[in-house]
Undergrad: 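Right, I'll just put the structure down here and ask away after.
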Amino acid sequence: MKTHARVVVIGGGAVGCSILYHLTAAGWTDAVLLERDELTAGSTWHAAGLLPLFNMSYATGQMHKYSIDLYTRLAEEWHRDVGFRRVGNLRMARTPERMEEFYTYATTADTIGVPYEWWTPKDIKERFPLVNVEGLAGALFHPTDGYINPADITMLLADAARKNGAAIHRKCDARAIERTRAGEWRVETGEGAILCEKLVAATGNHAQRTAAMVGRSIPAIPVEHQYIVTGEIPEIVAWRKAGHPEHPILRDADARWYMREERGGLILGPYEKGAPAWAVHGVPEGFRAELLPPDLDRLEWHVEEAFFRMPCFAKGGVKMVYNGPICYTPDGNPILGCAPGLENFYFAEGFSFGITAAGGAGKYLTQIMTEGEAEIDMLAVDPRRFGPYATRPYAVRKNEEAYAHVFVPHFPDEERPACRPLRTPPSYDRQKAQGAVFGQRFGWERANFFGPKPSEDPNFKEQWSFRRGNWWPYVKAEAEAIRHNLGLIEASTFGKYYATGPGVDGWMDRLIANRLPQKDGRVQLTHACTPRGGVRSEFTIMRDGPEALYIVGAGAAESYDWDYLTRTMPKDGSVQLQRITTQCGVFVVAGPRAREVLAKVTDKEDLSNAGFPWLTGRRATVGMAPVRLMRVNYVGELGWEVHHPIEYHNHIFDLLEEAGREFDMRLVGMRAMNWLRLEKTYRAWGTELSKEVTALEAGLDRFVRLDKNADFVGRAALERQKASGNLRWKLVTLLIDGPADADPWGVESVWADGKVAGRATGGGYSVHFAKQIALAYVRPEYAGEGRELAIKMLNRHYPARVVAESPYDPVNERLRADAIKRAAE
Ligand SMILES: Cc1cc2nc3c(=O)[nH]c(=O)nc-3n(C[C@H](O)[C@H](O)[C@H](O)COP(=O)(O)OP(=O)(O)OC[C@H]3O[C@@H](n4cnc5c(N)ncnc54)[C@H](O)[C@@H]3O)c2cc1C
């Protein structure tokens with residue numbers, strides 16, 4: 001066995017073999033794969049092999065698309081039949097609502113370039129008469145989907161990697177992992193130790209055990225998944241004998257199953273409720289290429305539905321039931337990328353569609369490992385999207401839920417119920433009593449909106465929809481309250497960090513593209529870029545002394561930002577960094593009357609423009625609480641953020657509520673905040689701001705100081721881009737004449753001249769313009785102000801006009817009206 005390699009991949013399933021292949025194809029040929037058993041002996045050998053191209057997520061959609069292209073190419077290059085059958089995929093809908101889900105899928109598919117067709121029940125009957133179309137509303141057909149033999153494609157990837165120079169050691173298990181003093185990884189195996197520079201864990205259902213070897217815990221826990229294989233079915237055999245095409249993969253979304261042909265019979269794979277997590281505390285040592293005992297009772301309803309939709313299915317009998325562990329994560333996406341806090345260690349775990357995703361996972365992880373970043377935004381799969389809240393018990397329940405939800409309609413405003421409430425601010429019960437309807441993000445409960453008080457309407461229940469849910473009028477009233485009067489937002493989930501020490505300026509200046517605030521109390525919006533100029537983080541930074549910075553970032557980015565900040569900190573002890581998110585709560589008081597209400601509760605503060613200018617902050621008191629007031633907000637009105645020690649949270653909440661009563665202040669949730677930020681073209685981390693687009697493409701020019709003294713990460717790339725003027729995308733704000741009862745969600749395709757010109761990243765309703773509004777990335781030639789475009793919503797194109805940045809209050813008069821007036825005088 002080799003004792004040294006540049007890179008070691010642990011795990012010889014589809015994912016590990018694909019990573020090995022891509023690393024070697026990128027020139028990293030000194031690569032070794034360790035497999036404890038035989039290649040494919042994990043989940044890969046018993047997968048049904050479906051390659052569902054489509055996925056609601058832009059990132060995983062691109063991964064899947066690449067996989068299919070790769071498998072086609074490799075099979076051709078190697079002249080090998082890997083069982084790839086491009087039969088198409090027919091998603092059938094029983095209800096108009098399900099069709100709306102498909103419309104929402106389809107508009108994202110446009111942005112990735114995945115082809116699709118709409119079929120009526122008549123189309124289905126004409127083409128595939130064995131399908132009973134009774135009760136169908138329609139169907140979405142993906143012609144390029146298909147299925148493959150998972151073992152054959154894995155072996156092909158392994159052979160291609162071997163040909164490129166990789167070594168594969170079978171029957172060789174990684175038993176322990178440690179970091180050497182020299183900074184290498186040492187993997188202890190049954191066959192001896194191997195040292196490497198970079199290490200990848202692609203261990204399928206063993207993910208937890210592997211992560212524990214490096215002191216990490218990841219929420220990748222398998223759930224039982226079953227499929228039934230029938231014997232030959234006379235109708236299917238006769239259909240094919242007559243020269244008809246193979247049936248596409250059928251998906252009866254409302255019956256929650258998939259079906260495909262298999263040797264003259266059919267395979268039926270249901271996603272049932274109640275499928276349990278398996279091997280919660282780790283896969284038993286002796287478990288090899290085995291299956292779990294089947295549980296047919298759980299499948300009964302789905303089988304009956306299959307009899308109904310495909311009556312000949314009943315004639316095949318049950319030849320075999322596969323019950324295998326399928327690895328899940330709380331949101332159903334894999335865990336792919338840098339392991340938090342570990343240099344040169346990468347996770348490629350938690351794949352529930354691993355055959356489909358393997359190709360793309362290999363490609364993009366290789367880019368991360370060899371070039372530092374992937375060319376696409378990988379946030380949806382980044383290991384750091386989870387925080388310490390994603391414990392094992394959490395993952396068990398959430399993963400079971402994710403599995404059971406595969407075919408549950410994916411409403412864009414859906415909030416799934418498992419593990420809630422989990423992380424709550426102290427005012428949670430108070431907000432609830434005021435009608436708060438919460439959503440969960442990063443484990444936190446955050447009010448999405450305030451409906452009727454439970455004391456007034458105890459039966460109010462939020463209804464999700466692809467159109468405007470029953471929450472819409474409440475959100476509209478909240479947004480209007482902020483624009484015309486006064487609103488209070490609880491925003492304690494922001495990520496908060498405190499950095500001190502003599503090295504703090506030098507360190508931060510190198511990370512961010514903007515200048516650091518110099519004067520005490522100055523506040524600056526800043527962005528940390530990637531070496532390619534992409535946007536990885538957004539921080540609001542307040543100067544808190546010559547060697548102290550108070551740093552606020554996106555709440556859901558907390559693990560991600562913390563990992564980056566701690567990785568980049570000087571190793572000489574010149575910076576001390578604390579993560580203080582949970583020690584520090586935040587309220588936002590915003591609206592034209594914000595000054596009046598705050599004046600009532602602060603002690604002798606001069607809140608005038610002269611005394612407390614926009615983009616400044618200071619220590620103050622609210623009631624008896626010591627706080628940090630910052631004159632910034634994310635809704636584009638006069639307003640202050642009240643950052644406070646968490647133990648004063650309810651004291652401040654009660655005071656502000658009391659003080660706001662005379663102004664008719666409204667509690668405001670996240671959905672209204674989202675609408676309002678769109679009117680100001682405020683970008684959001686994770687949607688408009690991502691590594692895939694550069695800071696210049698995101699239109700952050702005024703926050704990118706190419707002339708500042710300190711060099712910063714991404715500067716060279718941004719300088720080059722600026723000099724060339726070569727932008728691939730431009731962020732635009734669109735005002736839309738849309739349907740009467742629906743708004744964009746930020747996943748839609750944007751069209752010009754009959755072609756896809758870009759994609760929306762944020763969407764909602766503008767109370768100021770009384771129209772739908774969206775932020776979108778479009779090709780630069782379509783980005784001119786006044787350009788008429790179209791946005792595709794619910795399968796129709798609606799006129800969308802490019803408007804100037806920050807269409808509401810473009811010169812920020814509302815934020816700093818007096819200051820501007822004075823300057824003009
Ligand atoms: C019934 C069923 C049907 C499915 N159908 C589909 C489908 O139609 N389409 C689809 O895309 N996906 C499907 N899946 C999911 C798919 O099987 C998995 O997502 C995929 O196989 C995951 O591949 P992997 O390489 O991540 O993991 P695995 O295939 O499990 O490979 C991990 C490997 O790591 C090895 N290993 C673990 N620990 C160590 C160690 N310490 N040292 C050395 N080696 C180690 C294991 O032996 C194993 O071979 C299905 C799953 C099930 C259960």
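Indexing begins at 1, ligand by ligand and atom by atom, following the structure's order.
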Undergrad: Hey, is ligand 1 close enough to Met213 that some N/O pair sits below 3.5 Å?
TA: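 No, there is no polar N/O contact under 3.5 Å.
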Undergrad: Using a strict cut-off of 4.0 Å, indicate which atoms of ligand 1 neighbour a heavy atom of Leu50.
TA: 7 (C), 8 (O), 9 (N), 10 (C), 11 (O)
Undergrad: For atom 15 (C) of ligand 1, what's the nearest protein heavy-atom neighbour? Residue, atom name and distance, please.
TA: Ser352 O, 3.3 Å
Undergrad: Below 3.5 angstrom, do we get any N/O pair linking Tyr322 and ligand 1?
TA: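 No - when backbone and side-chain N and O of Tyr322 are compared with those of ligand 1, no distance drops under 3.5 Å.
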Undergrad: Give the atoms of ligand 1, by number and element, whose distance to some non-hydrogen atom of Leu34 is under 4.0 Å.
TA: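 This gives 43 (C), 44 (N) as the contact atoms.
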Undergrad: How does Val15 reach ligand 1, by side chain, by backbone, by both or by neither, if only non-hydrogen atoms under 4.0 Å count?
TA: both
Undergrad: With a 4.0 Å cut-off on heavy atoms, does Ala348 reach ligand 1?
TA: no
Undergrad: For Thr356, is at least one N or O under 3.5 Å away from an N or O on ligand 1?
TA: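 Looking only at distances, the answer is yes, because the N/O contact criterion of under 3.5 Å is met.
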Undergrad: Say whether Pro325, considering both its backbone and side-chain N or O atoms, lies within less than 3.5 Å of an N or O atom on ligand 1.
TA: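 No; the residue has no nitrogen or oxygen that sits under 3.5 Å from a nitrogen or oxygen of the ligand.
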Undergrad: Check this for me - ligand 1, Phe351, N or O atoms closer than 3.5 angstrom, yes or no?
TA: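 For ligand 1, there is an N or O atom that lies under 3.5 Å from one belonging to Phe351.
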Undergrad: Looking only at protein heavy atoms, which one is nearest to atom 20 (C) of ligand 1, and what is the separation?
TA: Gly354 CA, 3.8 Å
Undergrad: With a cut-off of 4.0 Å, which atoms of ligand 1 are near a heavy atom of Gly324?
TA: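 In order of numbering, the contacting atoms are 53 (C).
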Undergrad: Under 4.0 Å from any heavy atom of Gly12, which atoms of ligand 1 are there?
TA: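 Here the atoms of ligand 1 in question are 33 (C), 34 (O).
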Undergrad: Would you check if there is a donor-acceptor pair between the side chains of Glu373 and Gln367 at a distance under 3.5 Å?
TA: no
Undergrad: What residue and heavy atom of the protein are closest to atom 3 (C) of ligand 1, and at what distance?
TA: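 Ranking protein heavy atoms by distance from atom 3 (C) of ligand 1, first comes His225 CD2, 3.5 Å.
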Undergrad: What's the shortest distance from atom 41 (N) of ligand 1 to any protein heavy atom, and which residue and atom give it?
TA: Ala174 O, 3.0 Å
Undergrad: Taking only heavy atoms of Gly49 into account, list the atoms of ligand 1 that are under 4.0 Å away from them.
TA: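 Contacts of ligand 1 toward Gly49, numbered from 1: 7 (C), 8 (O).
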Undergrad: What protein heavy atom is closest to atom 53 (C) of ligand 1, reported as residue, atom name and distance in Å?
TA: His46 CE1, 3.2 Å
Undergrad: Would you check if there is a donor-acceptor pair between the side chains of Tyr116 and Asp110 at a distance under 3.5 Å?
TA: yes
Undergrad: Check the orientation of Tyr403 and His225. Use parallel for under 30°, tilted for 30 to 60°, and perpendicular for over 60°.
TA: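 Rings of Tyr403 and His225: perpendicular, over 60°.
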Undergrad: Which of the numbered atoms in ligand 1 are below 4.0 angstrom from a heavy atom of Cys172?
TA: 43 (C)
Undergrad: Which of these, Gly11, Ala47, Ala358, Gly204, has its nearest heavy atom closest to atom 4 (C) of ligand 1?
TA: Ala47
Undergrad: Only heavy atoms of Tyr227, strictly under 4.0 Å: list the atoms of ligand 1 that pass.
TA: 1 (C), 3 (C)
Undergrad: Can you tell me if Ser217 and Gln208 form a side-chain donor-acceptor pair at under 3.5 Å?
TA: no
Undergrad: What protein heavy atom sits nearest atom 44 (N) of ligand 1, and how far away is it?
TA: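 Minimum-distance protein heavy atom for atom 44 (N) of ligand 1 reads Arg36 N, 3.0 Å.
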Undergrad: Within a distance under 4.0 Å of any heavy atom of Ala48, pick out the atoms of ligand 1 and give their elements.
TA: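 Going through ligand 1 atom by atom, the ones under 4.0 Å from Ala48 are 3 (C), 4 (C), 5 (N), 6 (C), 7 (C), 8 (O).
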Undergrad: Assess, by modelled atom type and distance only, whether the side chains of Thr329 and Asn399 contain a donor and an acceptor separated by less than 3.5 Å.
TA: no
Undergrad: For ligand 1, find out whether one of its N or O atoms is nearer than 3.5 Å to an N or O atom of Thr44.
TA: yes
Undergrad: Which heavy atom of the protein is the closest neighbour of atom 30 (O) of ligand 1, given with residue, atom name and distance?
TA: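 Here the closest protein heavy atom is Ser43 N, 2.8 Å.
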Undergrad: For atom 48 (C) of ligand 1, what's the nearest protein heavy-atom neighbour? Residue, atom name and distance, please.
TA: Glu35 OE1, 3.4 Å
Undergrad: Considering distance alone, does some N or O of Ile326 sit under 3.5 Å from an N or O of ligand 1?
TA: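 Looking only at distances, the answer is no, because the N/O contact criterion of under 3.5 Å is not met.
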